[in-house]
Undergrad: 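One structure coming up, written as structure tokens, with questions to follow.
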2 protein chains.
Amino acid sequence: MSTANSLSAEDLGSAAQRDRRKRILDATIELASTGGFDAVQMRAVAERADVALGTLYRYFPSKIHLLVSALGRELERSDAVLRERPTPGDTAADRVIYLLKRTTRGMQGDANLTEALTRAFMFADGSVKAEIHAVGMLLTQMMARAMHPEQTELTELTDEDVAIARVIGDVWLSALVAWVTGRSTAADTAVHMETAVRLLLRD
Amino acid sequence: MSTANSLSAEDLGSAAQRDRRKRILDATIELASTGGFDAVQMRAVAERADVALGTLYRYFPSKIHLLVSALGRELERSDAVLRERPTPGDTAADRVIYLLKRTTRGMQGDANLTEALTRAFMFADGSVKAEIHAVGMLLTQMMARAMHPEQTELTELTDEDVAIARVIGDVWLSALVAWVTGRSTAADTAVHMETAVRLLLRD
DNA sequence: GGACGAAGTGGAACGTGTTCCTATCATGTC
DNA sequence: GACATGATAGGAACACGTTCCACTTCGTCC
């Protein structure tokens with residue numbers, strides 16, 4: 001398996017390189033916001049980021065790597081905002097539902113961007129394992145924090161907690177895919193996710 | 001939204017046309033089996049099915065339509081085989097787990113084919129709504145039949161049954177994607193699905 | 001049997017993701 | 001300051017999904 005990773009922010013020594021990487025991801029988000037997956041064209045990203053096409057490919061070895069990395073950055077941003085204050089809700093189910101609704105609402109506010117990021121995530125093949133894994137871990141962490149706000153370490157979670165978090169993550173992704181492809185409305189999505197959470201977290 | 005549907009088997013009057021359609025789908029499955037998603041190249045499909053490229057596009061307006069239609073045909077085939085004898089298992093959970101394991105095992109026996117079909121399904125956009133919906137209905141039906149073998153009509157299902165079937169379907173798809181992209185092993189997949197079913201169907 | 005429209009053939013052409021090559025630029029070393 | 005080395009620019013070239021066109025074949029109606 002060829003494991004050509006994207007250059008992560010840590011690998012990049014020089015400030016100019018970190019700045020290039022940021023410009024590339026910014027351009028990606030802007031284009032995705034404008035016209036979704038199809039509008040994120042590598043030549044257009046390179047031009048808007050003021051970078052040569054070859055450089056773009058040096059930083060991100062494919063369009064999918066690029067978009068999944070962008071998804072990772074956006075999720076980290078959300079996570080940081082959410083962590084500023086405790087998640088409201090008296091039960092684990094309520095808190096998880098709050099988290100999902102809030103995140104989903106954020107994504108549904110920018111349908112094109114969500115379509116681009118979701119489709120990239122779903123289309124990714126084995127070569128994007130590292131980037132996908134990073135996103136998966138982040139999601140599980142966010143969910144786990146909502147379920148057990150008092151615990152800060154993932155290691156304290158029971159197997160069942162982790163299993164539940166994963167199932168909820170699965171449902172969320174599927175719901176997102178269904179919404180992105182126009183198979184279900186935003187309201188359907190919300191209802192379906194809430195139902196799933198209540199089925200799983202009966203406390 | 002442009003809704004260019006694939007020509008379904010019923011639309012095709014002449015035997016020659018049904019045969020062409022079959023040859024195309026056969027060629028698709030063969031190529032997918034050989035080299036996965038990337039090996040299903042439209043020119044190659046057309047050549048192997050002994051059909052002009054334009055004709056291929058007349059029958060299936062895109063590679064994704066083609067692969068999702070192929071997935072539909074394979075699922076119908078599985079469903080027909082499964083319906084020949086009652087699903088074993090004493091509880092709904094056991095029967096659903098049997099169904100999932102058996103179907104998954106079948107898919108994992110041909111990793112390339114599964115990769116091709118799964119990725120097409122996940123990458124599909126709004127224009128493939130009709131084909132995707134057909135697959136979704138089939139899956140829900142299969143699951144519902146496993147949960148309640150005595151009921152033959154979908155209308156007899158409760159809302160909760162449908163919700164559970166959908167959640168299980170979501171988990172199954174996500175597990176398949178994770179397996180296809182090399183993020184989890186076949187064993188992981190089986191365990192994860194079994195856990196999810198037991199969480200959802202505690203009877 | 002001939003006319004006509006639908007369906008199929010063969011292949012050129014286009015767009016976009018990806019690769020590759022050469023020249024130029026930046027940075028650190030002596 | 002000259003040089004070595006790696007990063008970047010600029011752009012040509014290639015692959016494959018998709019579109020299009022001119023021509024041929026097939027089926028049907030008169």
Side-chain angles (χ1 to χ4, degrees), chain A residues 2 4-9 11-24 27-28 31-32 34-70 116 119-120 123-125 127-128, chain B residues 2 4-9 11-24 27-28 31-32 34-70 116 119-120 123-125 127-128:
Chain A
S2 82
N5 285 338
S6 313
L7 271 55
S8 73
D11 304 337
L12 296 167
S14 96
Q17 285 174 322
R18 274 193 301 280
D19 188 57
R20 267 195 202 90
R21 189 185 143 94
K22 176 176 183 316
R23 287 205 311 272
I24 291 173
T28 303
L31 287 168
T34 303
F37 187 87
D38 291 340
V40 181
Q41 301 187 357
M42 299 305 268
R43 289 172 180 83
V45 171
E47 190 178 354
R48 185 177 286 237
D50 205 28
V51 140
L53 189 54
T55 305
L56 172 52
Y57 273 94
R58 158 182 286 275
Y59 281 72
F60 301 95
S62 79
K63 174 169 172 172
I64 300 295
H65 285 80
L66 173 60
L67 281 166
V68 174
S69 299
R119 290 186 63 205
F123 192 60
D125 67 2
S127 72
V128 203
Chain B
S2 81
N5 285 339
S6 313
L7 270 54
S8 73
D11 304 338
L12 296 167
S14 98
Q17 286 175 321
R18 275 194 300 280
D19 190 56
R20 265 194 205 92
R21 189 186 143 94
K22 176 178 183 317
R23 287 206 310 275
I24 291 172
T28 303
L31 287 168
T34 303
F37 187 86
D38 291 340
V40 181
Q41 300 186 358
M42 300 305 268
R43 289 173 181 83
V45 171
E47 189 177 355
R48 184 176 286 237
D50 205 27
V51 138
L53 189 55
T55 305
L56 172 53
Y57 273 94
R58 161 182 285 275
Y59 280 71
F60 301 95
S62 79
K63 173 168 172 171
I64 300 294
H65 284 81
L66 173 60
L67 281 165
V68 174
S69 299
R119 288 183 65 204
F123 193 60
D125 67 2
S127 71
V128 204

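Chain letters run A, B, ... following the sequence lines, proteins first and then strands; every chain starts at 1.
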Undergrad: Tell me, do B:Leu66 and B:Met42 make a side-chain contact under 4.5 Å, heavy atoms counted?
TA: yes
Undergrad: Picking from D:dT8, C:dT18, C:dG8, which would you name as closest to the side chain of B:Tyr59?
TA: C:dG8
Undergrad: Taking atom types as they are modelled, is there a donor-acceptor pair under 3.5 Å from the base of D:dT18 to the side chain of B:Arg43?
TA: yes
Undergrad: What is the distance from CD of B:Glu47 to P of D:dG17, rounded to the nearest Å?
TA: 13 Å
Undergrad: With DNA chain D as reference, determine whether B:Ala16 or B:Lys63 sits nearer its 5' end, using the nearest nucleotide of each.
TA: B:Lys63
Undergrad: For the pair made of CZ in B:Arg18 and P in C:dA7, what is the distance, rounded to whole Å?
TA: 15 Å
Undergrad: Taking atom C1' of D:dT8 as reference, at what distance in whole Å does atom CG of A:Asp19 sit?
TA: 14 Å
Undergrad: Provide the closest heavy-atom pair for A:Ala32 versus A:Ala116 in the form atom of the first, atom of the second, distance.
TA: CB-CB, 3.7 Å
Undergrad: Quick one: which of D:dG17, D:dT8, C:dG8 gets closest to the side chain of A:Arg58?
TA: D:dT8
Undergrad: Look at the side chain of A:Gln41 and decide which nucleotide, out of C:dT19, D:dG10, C:dT16, has an atom nearest to it.
TA: C:dT16
Undergrad: B:Leu56 has an atom CG; how far is it from atom C1' of D:dT19, in whole Å?
TA: 13 Å
Undergrad: Which nucleotide in the list D:dG17, D:dA7, C:dT9 gets nearest to the side chain of B:Met42?
TA: D:dG17
Undergrad: Whole Å only: how far is the CZ atom of A:Phe60 from the P atom of C:dT18?
TA: 13 Å
Undergrad: Which nucleotide, C:dG10, D:dA9, D:dA7, lies nearest any side-chain atom of A:Thr55?
TA: D:dA9
Undergrad: Please step through side chain to side chain contact (heavy atoms under 4.5 Å, CB included) for the pair A:Leu53 and A:Arg43, ending with a clear verdict.
TA: CA-CA 6 Å; A:Leu53 189 54; A:Arg43 289 172 180 83; 4.2 Å; yes
Undergrad: Give me the one residue out of B:Lys22, B:Gln17, B:Arg21, B:Arg23 that meets side chain to side chain donor-acceptor pair (under 3.5 Å) with B:Asp19.
TA: B:Arg23
Undergrad: Could you work out which one of C:dT18, C:dG17, D:dA9 sits closest to the side chain of A:Val51?
TA: D:dA9
Undergrad: Relative to B:Phe123, does B:Lys63 satisfy both conditions: NZ or CZ under 6.0 angstrom from the six-membered ring centre, and within 45 degrees of the ring's axis?
TA: no
Undergrad: In whole Å, what is the span from the CZ atom of A:Phe123 to the P atom of C:dG17?
TA: 12 Å
Undergrad: I want to verify a distance call: between C:dT16, C:dT19, D:dT19, whose nearest atom is closest to the B:Leu53 side chain?
TA: D:dT19
Undergrad: Specify the residue among A:Ile64 and B:Arg23 whose closest nucleotide of DNA chain C lies further upstream toward the 5′ end.
TA: B:Arg23
Undergrad: Measure CD1/A:Ile24 against C1'/D:dA7 and give the value in whole Å, please.
TA: 13 Å
Undergrad: Checking all strands, does A:Val40 fall into the base, sugar-phosphate, or nothing category for heavy-atom contacts under 4.0 angstrom?
TA: sugar-phosphate
Undergrad: Rounding to an integer number of Å, can you tell me how far B:Arg20 CZ sits from C:dA6 P?
TA: 17 Å
